[in-house]
Amino acid sequence: MLRRERKDLELALNVYAPKKIKEWGHIMRFLPIDQIQEGMYLARNVLGNDGRILLVKGTKLTKSYLQKLKELNYRFLYIGETPEDFEFRGPVSDETYTKAICTVRDSMIRAAKYQSLDLPAVIEVADFMLDEVMEEGVVYNIIELKNHSNYTYLHSVNVGVLSVLLGKALKLNRRQLKEMVTGALLHDIGKVYIENPILEKVGRLSAPEYEKVKRHPQYGFDLLRGHPELSLLSAHVAYQHHERADGSGYPRGLTAEQIHYYAKIVMVADSYDAMTSGRHYREAMWSHSALAELQAAAPEKYDPKVVSVLSQVVALYPVGSVVLLNNMEVATVCDVTLKKIKLKLLTGKNKGQKLELSRNSRLKIERRLS
Ligand SMILES: [Fe+2]
């Protein structure tokens, strides 16, 4: 980059400091709830803990809605200037996503109470997900799926969706995808046998607490293999998702040759979702930082091929990201597929105009601002 260009870029970055970005919040963004004002519109459905729709997309947010959502521990919402602001679609429909959350939740409750599962329900939801994700051109918009207050069920469903996208790109057939996603949806089911205070602890776990947490893959495997109608390979997804290629994982310290391919896929989906989620003890990472971290950890920890496919199926700039373009203008991402990124300009003489990045060969994203 020429010195002058660099100077322009630095200038632009100063001008578009976070304070300025906040002012664009009303256009269409994924925002921390504290920055959301009355009168803004919800751009995505807000789901309750049971997976049902709590507030429907297009709802005008009132003071009491915002207060209630804060009390319910929602930290971020998708908001728009008008109810029609968002045009993109996620990898699965809201209905299937809601159904998947309900099913994972019911499975966990049932496993904790009766040590059993309603497998047909899980298998049915896996089928729904496959039907939708098998369509061409779907990209995983990671932030889109974070519109929920309950991490456990949400995480399981996210890992399921991302595993299917990875498996599909890695050319698994439908039977294999189904075996894998069933295991992915239930990969953390063994956590229901670990005390809540440990799972919800803020800050570092003590050594004995960590030892307890490390038992959840074994607990999950023991529960799942007791169901003969479930493929043993699905049970092994739960058993092996914390193993690592160099033998540093748990519970058995398996090495690359000993870990099943499904588990190699699901562990990448699991780590990526954990990194980009921002639990209460840690800030969420942006997709490109999480990808860079996983690439640095492969091949010691992860299958390099799975990690390289991940960068093709997750959106580097998810819907709602604010980006700086190489012409020093700022835009927000309003739609992403495998082949195109659609932007809406936030600055310049064409402010408000929408454009497709691939149709403008000279236009590039310089960096993500928010
Ligand atoms: Fe886990």
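Ligands are counted one by one from 1 in listed order, and the atoms in each one are counted from 1 as well. Since we're looking at a predicted model, the values are computed, not measured. Keep in mind that the numbers below use all heavy atoms, side chains included, and drop hydrogens, waters and symmetry copies.
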Practice task
Say whether, by atom type as modelled, one donor and one acceptor occur between the side chain of E329 and the main chain of L324 under 3.5 angstrom.
Solution key: no
Problem - Between Q218 and Y239: side-chain donor-acceptor atoms closer than 3.5 Å - result: yes
Exercise for the section: Quick one: the NE2 of H216, the Fe ion (ligand 1), NE2 of H241 angle, rounded to 10°, please. Expected result: 100°
Exercise for the section: Look at the side chain of S234 and the backbone N and O of T182, then say whether any donor-acceptor pair between them is shorter than 3.5 Å. Expected result: no
Exercise for the section: State whether a side-chain donor-acceptor pair under 3.5 Å links Y41 with T59. Expected result: no
Practice task
Please confirm if an N, O or S atom belonging to H242, backbone or side chain, lies less than 2.8 Å from the Fe ion (ligand 1).
Solution key: yes
Handout entry: the Fe ion (ligand 1) contact by D188, N, O or S atom under 2.8 Å
Key = yes
